[in-house]
Asks: 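Before I ask anything, let me first share the structure, which is written out below as structure tokens.
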Amino acid sequence: MKAELEEITKGALKRIENAQSPEEIERIKLDLLGRKGRLTQLLRQLKDLPPEIRPEVGRVANQAKAKLEAALKERRNSLTPLHQKREVLDVTLPGKRPWEGSIHPLTITLQRIVEIFYGMGFEVAEGPEVETDYYNFEALNMPPDHPARDMQDTYYLSKDLLLRTHTSPVQIRVMERSQPPIRIVVPGRVYRHEAINARSFTVFYQLEGLYVDEGVTFGQLKGVLTAFINEFFAAELPLRFRPSFFPFTEPSAEVDIRCVICRGKGCSVCKGRGWLEILGAGMVDPAVFQRVGYDPERFSGYAFGLGIDRLAMLKYGIDDIRLFYENDIRFLSQF
Ligand code: DAH
């Protein structure tokens, strides 16, 4: 009987090892341990054994049974797909989150600025980043050799083609194809061949504004820009107009806002001045109107150009413009 036990165990272990599905395991189990199973029948014969060997054979038989049951269980476990094993599915574990992108801080700022001007009746216009010398300079009252060209170090693609140095050429493109009243803002990327540091990069973003109609005044310009700044920074920040020069506006001004960091007391961001320069503006020069065929006696207009990067830096307290362009995920994912 002991020999038979051994033979059953050996054969069964082999079958279990070779089993390829949980169903097969079930069948082996039935063959061995079912009501008519071989092992079951053998165990039933135990009672007929002589009493002196019964305990010993019984012990061996029970060991064999335990061993086979364990082997069946283990093989079934390894054949059952993971998701069907109830014991490994912990529904309280947090799920795997998909990687979520975020909007670039410059895009957020650009969209917010456009939204505010849209609310004041401005439409959005756009123009090409590769410009001709004519639109970037000449039509804006900067003929060849004009010293103002030096203010904007230019990337030239050929003698006549360049990467636009400002969004102002779109003023010309829009006026050429439409008649006043014109009320537009032009967001866009511009390029300058400049030394890179914390405050300047070779690529940055501007927003151009242009309003042309009969009877447009400098006072309206000041009103619109003040309303914009107060809305953008959600604070009453006074504006200061300083006389300046741009070839395409007359008179021209550079506009400062009361420092958003120290509110005018003087700090490192405003270098103790209490004011921050944020844009250039002025009344459209009659020479520009003549270029696009508008009657300067009849129409007047204002224009302005602001740096989107600068406004984003002030708004978020970012002290290095390069962070916007390095695309370090640790920086970007904060927005
Ligand atoms: N285009 C100028 C620049 O990039 C900024 C500017 C100044 C735009 C005055 C204007 C303006 O529309 O009126 O430096």
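All values reported here derive from a predicted model rather than from experimental measurement. One-based numbering, in listed order, for ligands and for the atoms of each.
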Asks: Let me know which protein residues bring a heavy atom to under 4.0 Å of ligand 1; chain then number is fine for ordering.
Replies: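 Residue list for ligand 1: Gln152, His166, Ser168, Gln171, Arg192, Gln206, Glu208, Phe246, Phe248, Thr249, Gly280, Ala281, Gly282, Ala303, Phe304, Gly305.
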
Asks: Quick one: does His104's side chain get under 4.5 Å of Asn327's, heavy atoms only?
Replies: yes

Asks: Assess the pair Phe117 and Phe304: is the distance between their ring centroids shorter than 6.0 Å?
Replies: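 Yes: the rings meet the under 6.0 Å criterion.
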
Asks: If a pair satisfies side chain to side chain donor-acceptor pair (under 3.5 Å) and one of its residues is in residues 268-294, list it, with sequence neighbours excluded.
Replies: none

Asks: Got more than 12 heavy atoms from elsewhere within 6.0 Å of NZ, Lys315?
Replies: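 Check passes, neighbour count above 12.
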
Asks: As an exercise, state the distance from CD1 of Ile257 to CD1 of Ile278, rounded to the nearest 0.5 Å.
Replies: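 Answer rounded to 0.5 Å: 4.5 Å.
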
Asks: Measure from the ring center of Tyr325 to the ring center of Phe204 and say whether it is less than 6.0 Å.
Replies: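 They do not qualify: ring centres at least 6.0 Å apart.
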
